[in-house]
Amino acid sequence: MSYKKIIERANDRLMAMAELTEDSYFNKIPKNKIGYFINESIKIGIETAQKFMGKYNSLEEFCEDKKVKIELDTDEYGFEMIKLRGKYNEEKETIIMYHNSIKRMEIAYNELGINFLNYDTIYKILLAHEVFHLIEVKEIGKTYEKLEDINIFKLGPLKKFYPIVKTSDIGANIFAKKFLNISYHPKVLNYLYIWGAGIIDKNKLIDYFDELDQKLNKSHLNSSLK
Ligand SMILES: [Zn+2]
């Protein structure tokens with residue numbers, strides 16, 4: 001049952017850190033601001049889940065109310081397929097769910113003996129993530145627009161500011177976790193997938209989590225020095 005250790009280690013802050021490091025401008029974030037981006041994005045995700053939890057019984061009901069269709073795409077997309085999971089298309093007012101990606105994920109989890117991550121559960125988690133993006137567009141505004149922009153370069157008086165767009169995904173994952181009341185972090189599904197599909201082994205995964213932990217600890221130090 002070694003997958004349990006991975007799930008246990010993938011706590012909210014570590015997974016938020018993982019998301020942040022995937023942002024194109026991660027290296028431009030001042031070290032003492034990392035905690036700010038993590039905390040604020042998590043807060044937005046939790047507050048949004050609390051706000052909508054009492055009002056709707058299901059994600060589907062919410063989509064119906066907002067006149068957004070949910071479509072299941074059953075096409076094959078080859079190698080890159082697993083990157084396509086769900087997608088909220090603003091113009092078409094549609095959330096597209098990718099059947100074959102979900103199927104592949106289910107197979108990978110089966111390989112690891114994780115039977116609680118079946119097709120329906122994976123579907124729900126990915127749908128909840130997209131519903132958060134829909135709520136951002138229709139109700140609360142984009143998470144990254146609510147947070148500070150980062151100065152990308154300084155050349156004399158010239159400054160250029162950009163948002164940290166990955167903060168939206170930090171919010172979306174926490175929203176999914178809270179709304180569905182699941183004990184594990186939705187982003188751990190990515191790591192369990194690449195492990196179960198044999199793309200990387202468990203030790204590599206643990207090394208990566210160690211690295212993220214170190215980055216988190218350093219950012220704590222930096223914030224307390226300030
Ligand atoms: Zn997203």
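Ligands are counted one by one from 1 in listed order, and the atoms in each one are counted from 1 as well.
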Can you give each donor-acceptor pair under 3.5 Å made by side-chain atoms of residues 125-134, sequence neighbours left out, with the distance rounded to 0.1 Å?
unit_1, atom_1, unit_2, atom_2, d
H129, ND1, N173, OD1, 2.9
H129, NE2, H133, NE2, 3.1
H129, NE2, D169, OD1, 2.9
E130, OE1, Y88, N, 3.1
H133, ND1, E136, OE1, 2.8
H133, NE2, D169, OD1, 3.0

Problem set entry | K43 bridged to E40 by N-O distance under 4.0 Å | yes
Exercise. In terms of side-chain heavy atoms, does H99 have a donor or acceptor partner in Y119 at a distance below 3.5 Å?
Worked result: yes
Exercise. Excluding sequence neighbours, so at least two apart, what forms salt bridge (charged side-chain N to carboxylate O under 4.0 Å, His left out) with R13?
Worked result: none
Seminar exercise, completed: Any protein N, O or S atom under 2.8 Å from the Zn ion (ligand 1)? Found H129 NE2, H133 NE2, D169 OD1
Problem set entry | Partners meeting ring pair (Phe, Tyr, Trp, His ring centres under 6.0 Å) with F116 (sequence neighbours left out) | Y184
For this session: Could you point out which residue of L189, N115, N118 forms a side chain to side chain contact (heavy atoms under 4.5 Å, CB included) with Y109?
Result: L189
